[in-house]
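One structure is given below, encoded as structure tokens.
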Amino acid sequence: MSSFGAIVRGMAAVIAVGALALTATAQSEDGGMVPTGRIGVGLEGPGGRSLSLVDAAKTSTPWRPIGEGELPKDEHGWPLADAQVVFFDLRPTYAWAPPADDPDAYQIDVSGTYKLSFTGKADLSSVEEPASWHVENQQYDPATNRTTADVVMHAGGGLLYVRFTNTDGGVKDVRLIRPGYPADTQEVFHRPFLEALAPFPVLRFMDYTHTNNDNPPFDAADNVTDWADRKQPDDATMSADTTGDGRTSSGAAWEYVVELANACGKDIWINVPVAASDDYVHQLAELLCRRLRPKVAVYFEYSNETWHAGFDQGVYNRKAAAAEVARGESNLNYDGRDDVEVLNARRHARRTLEMGQIFAEVFGADSMGTRVRPVLSWTKGQPAEIADMLKFVTDNYGPPADYFQAIATTAYITYGRPDPEDTVDDVLDQMLANADRDAPRWDAVADLCDEHGLELYVYEGGSNTAPGFNHTNTAIAARIGAERSKRIAQIIQHHIRDNFFARGGDLFMYFTLSSAYSRHGCWGLTDDITQPRRNHKYQAVVELIEQGRAAQANPAP
């Protein structure tokens with residue numbers, strides 16, 4: 001990878017990467033700054049508010065037993081006995097245990113007729129009463145051993161929790177096609193989802209493939225994730241199995257990542273499992289190289305936030321680094337340093353480098369910096385650790401720009417000290433103050449990017465009203481109200497434009513496209529994928545993207 005050159009912060013700077021032109025900021029005719037760097041978006045898991053798949057059965061929870069005991073399943077997760085499944089639960093958070101967090105109790109409209117089909121036969125009934133759905137036109141064809149039915153969701157309903165009984169050995173190959181599509185449709189992705197994605201050039205799949213806490217423990221006898229352990233596209237569901245053994249059977253299959261990228265022509269940002277073997281990385285690169293459209297670029301990280309000891313992957317990486325050094329066969333302590341946090345950071349950098357080399361071997365030597373874009377992600381709160389990672393790479397392998405595209409950090413607009421008396425404006429005032437107070441922390445990272453010829457990215461950023469991630473129930477209504485206000489749009493635009501791109505930023509990945517709005521955070525640009533522009537946050541980010549594209553197409557003299 002060639003060195004990209006220093007970015008002069010606060011000035012226009014165009015950087016050519018393959019066929020793409022990236023600009024930090026450009027001056028508009030009125031003298032203001034217009035962001036022309038790129039803004040991408042992260043995706044929540046398939047079972048969330050994105051309604052991403054036409055086949056809603058693929059977004060279901062794992063199949064569950066009826067009553068006590070363990071449910072026998074086949075190798076793809078289909079039940080081998082009577083069972084029940086939550087196809088979706090899109091009710092406002094805690095609607096099942098009132099009061100709901102959302103003061104508006106906003107319910108996304110998922111009503112209509114769903115086309116259900118499956119191999120086998122069953123009696124269908126609701127687990128929850130009163131049911132918000134009913135069955136019509138159920139038929140069983142003994143010649144094909146297939147059952148078909150219409151499942152009609154009532155207006156205002158959000159839960160589809162179905163019990164399958166009298167199955168005589170379970171069911172499999174279940175399809176539940178959303179309203180508006182024929183039962184035999186070959187469309188994979190829901191049209192409103194694709195439409196909501198249209199403005200964004202890069203999609204991050206960290207949650208979609210369930211990166212966090214999805215690996216074997218380092219102390220386990222088998223502590224490596226092999227290619228055979230991955231999620232298969234014909235598994236029963238693409239949603240995470242939080243009741244499983246913690247291996248990479250959770251999350252969507254890589255084939256869905258490829259198909260989505262090809263369907264909407266977007267670059268992808270992926271997170272490789274922390275325990276992935278070299279063969280896993282090679283096989284993943286082969287899959288992407290073979291199936292992605294030729295112009296699709298692949299950004300990738302080693303896992304997600306291994307700097308964070310609260311994640312299983314953070315624990316794994318620390319233990320792996322310490323064990324390697326203890327064996328006396330490591331370059332992680334080449335200079336005699338043995339602090340666990342230093343070793344953790346260096347192993348993260350080295351593994352990112354190693355994965356990049358594997359990808360470049362598969363994609364071709366000229367792919368680095370064009371289609372293959374390794375990203376060294378770390379917290380901007382520890383610039384000394386980032387500096388040490390870059391020195392470690394320089395001393396042991398050579399210039400970091402030969403191995404990495406960018407350094408990436410976070411960029412959340414936080415609300416950290418809730419008060420029961422806080423109003424919507426109180427929340428927003430604190431968020432704006434915190435955003436501006438936090439912004440200078442990018443300067444040290446930007447300096448490192450300049451020094452080493454790397455780009456400056458945000459791997460996750462956006463509004464964060466889940467104080468300390470402790471899910472407090474303090475000032476919930478004010479927090480959610482702030483996330484829905486017009487003013488939040490101004491704060492988000494200010495933060496991305498003036499606090500990030502004006503400092504030389506190149507790519508901002510917003511977390512996330514969609515989500516529920518609750519005490520656990522209102523991460524989504526929208527909580528209703530069918531009408532995203534009802535949310536001011538979505539409109540604000542799309543407006544920035546459109547301004548940037550206009551500035552690139554018509555640069556000011």
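These values consider heavy atoms only, across backbone and side chains, with no hydrogens, waters or symmetry-generated copies.
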Would D207 and T512 satisfy side-chain contact (heavy atoms from CB on, under 4.5 Å), going step by step from the backbone distance to the final call?
CA-CA 9 Å; D207 271 347; T512 181; 5.6 Å; no

Take Y208 and S52 through the test side-chain hydrogen bond (donor to acceptor under 3.5 Å, both in side chains) and record every step on the way to the result.
CA-CA 10 Å; Y208 204 73; S52 61; 3.1 Å; yes

Start with the C-alpha distance between D338 and N333, add both sets of side-chain angles, then the distance that settles side-chain hydrogen bond (donor to acceptor under 3.5 Å, both in side chains), and finish with yes or no.
CA-CA 6 Å; D338 59 2; N333 63 337; over 6 Å; no

Run the side-chain contact (heavy atoms from CB on, under 4.5 Å) test on T59 and M238 for me, step by step, so that the C-alpha distance in whole Å, both residues' side-chain angles and the decisive distance to 0.1 Å come before the verdict.
CA-CA 6 Å; T59 72; M238 295 297 107; over 6 Å; no

Please assess W378 against H348 for the test ring-ring contact (aromatic ring centres under 6.0 Å, His included), listing each intermediate value before the final yes or no.
CA-CA 9 Å; W378 210 250; H348 178 94; 5.0 Å; yes

Step by step, would you call W96 with D89 a side-chain contact (heavy atoms from CB on, under 4.5 Å)?
CA-CA 10 Å; W96 50 90; D89 187 354; 4.3 Å; yes

Could you walk me through whether F501 and I496 pass the side-chain contact (heavy atoms from CB on, under 4.5 Å) test, one step at a time?
CA-CA 6 Å; F501 284 129; I496 295 175; 3.4 Å; yes

Passes side-chain hydrogen bond (donor to acceptor under 3.5 Å, both in side chains), N344 versus N317? Steps please.
CA-CA 6 Å; N344 177 56; N317 197 59; 2.6 Å; yes

Please test E305 against Y459 for side-chain hydrogen bond (donor to acceptor under 3.5 Å, both in side chains), starting from the C-alpha separation and ending with a verdict.
CA-CA 10 Å; E305 297 188 348; Y459 66 86; 2.8 Å; yes

Pair E324-K319, salt bridge (charged side-chain N to carboxylate O under 4.0 Å, His left out): steps then yes or no:
CA-CA 8 Å; E324 179 185 319; K319 290 187 174 182; over 6 Å; no

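Between S50 and E44 the shortest side-chain heavy-atom distance falls below 4.5 Å. Two residues are said to be in side-chain contact when any heavy atoms from C-beta on lie closer than 4.5 Å; P273 and D214 fail this criterion. Contact annotation: the side chain of V298 never approaches that of D267 to less than 4.5 Å [non-hydrogen atoms, C-beta and beyond]. The shortest distance between side-chain heavy atoms of L454 and L390 falls below 4.5 Å. Residues Y415 and N464 are not in side-chain contact: their nearest non-hydrogen atoms beyond the backbone lie 4.5 Å or more apart. Contact check for N213 versus Q313: side-chain heavy atoms found under the 4.5 Å cut-off. Residues M368 and P374 meet the side-chain proximity criterion, which asks for heavy atoms closer than 4.5 Å. The shortest side-chain heavy-atom distance between M509 and T410 does not fall under the 4.5 Å cut-off.
Ring to ring, Y256 and W254 are not that close: their centroids are 6.0 angstrom or more apart. Taking the centre of each ring, F300 and F359 come in below the 6.0 Å mark. Taking the six-membered ring for Trp and the full ring otherwise, the centers of W442 and H495 sit less than 6.0 Å from each other. Taking the six-membered ring where the residue is Trp, the centroids of W269 and F205 are separated by 6.0 Å or more.
Taking every heavy atom of both residues into account, N473 and R479 meet most closely at C-NH1, 4.3 Å. Scanning both residues, V174 and A57, for their nearest heavy atoms gives O-CB, 3.5 Å. Contact detail for T93 and A516: the closest heavy-atom pair is OG1-CB, 4.1 Å. The two residues L507 and I39 come nearest to each other via the heavy atoms CD1-N, 4.4 Å. Across all their heavy atoms, P467 and G416 have their closest contact at CB-O, 3.9 Å. In terms of heavy-atom proximity, A360 sits nearest to S367 at CA-OG, 3.7 Å.
A donor-acceptor pair under 3.5 Å is absent between the side-chain atoms of E385 and the main chain of E341, judged by distance alone. Counting only distance, with no hydrogens or angles, the side chain of K58 and the backbone of D235 share a donor-acceptor pair below 3.5 Å. Side-chain atoms of T237 come within 3.5 Å of backbone atoms of S60 as a donor-acceptor pair (strictly under, hydrogens ignored). Under the 3.5 Å distance criterion, the side-chain polar atoms of R318 are matched with a main-chain donor or acceptor of G314. Judged by distance alone, the side chain of D74 and the main-chain N or O of H76 form a donor-acceptor pair under 3.5 Å. Remark: the backbone N or O of G524 is not paired with any side-chain donor or acceptor of Y510 at under 3.5 angstrom. Under the 3.5 Å distance criterion, the side-chain polar atoms of K172 are left unmatched by any main-chain donor or acceptor of P79. No donor-acceptor distance shorter than 3.5 angstrom exists from the side chain of N262 to the backbone of E259, with no hydrogens or angles considered. In this structure, T409 contributes its side chain and K380 its backbone to no donor-acceptor pair below 3.5 Å. Looking at N434, its side chain does come within 3.5 Å of a backbone N or O of T414 through a donor-acceptor pair.
Taking the six-membered ring where tryptophan is involved, the planes of Y412 and W523 are perpendicular, since the angle between them exceeds 60° and thus also 30°. Relative orientation of the W63 and F87 rings is perpendicular, given thresholds of 30° and 60° on the angle between their planes. In this pair, Y334 and F392 present their aromatic rings tilted. The plane angle is within the 30 to 60° band.
Side-chain polar atoms of D402 and Y397 form no donor-acceptor pair below 3.5 angstrom. Using modelled atom types, one finds a donor on one side chain and an acceptor on the other under 3.5 Å when comparing N212 with N304. For E354 and Y302, the side-chain atoms include no donor-acceptor pair closer than 3.5 Å. Counting only N and O atoms by type, the side chains of E483 and S463 include a donor and acceptor under 3.5 Å apart.
Rounding to the nearest 0.5 Å places CG of L376 at 9.5 Å from SG of C449. Atom OG1 of residue T370 and atom CZ of residue R373 lie 7.0 Å apart, to the nearest 0.5 angstrom. Summarising the geometry, atom CD1 belonging to I413 is positioned 8.5 Å from atom CG belonging to N499; distances are rounded to the nearest 0.5 Å.
The existence of a salt bridge linking E460 and R204 is confirmed by a sub-4.0 Å separation between a basic side-chain nitrogen and an acidic carboxylate oxygen. Using a 4.0 Å cut-off between charged side-chain N and carboxylate O, D388 and R346 make a salt bridge.
Take D101 and apply the side-chain hydrogen bond (donor to acceptor under 3.5 Å, both in side chains) test, not counting sequence neighbours, and it matches R519. Not counting sequence neighbours, R64 has no partner by the salt bridge (Lys or Arg N to Asp or Glu O under 4.0 Å) test.
Listed by first and then second residue, the salt bridge (charged side-chain N to carboxylate O under 4.0 Å, His left out) pairs involving residues 392-401 are K391-D395 (not counting sequence neighbours).
Counting heavy atoms of neighbouring residues, nucleotides and ligands inside a 6.0 Å radius, atom CD of E329 exceeds 12 of them.
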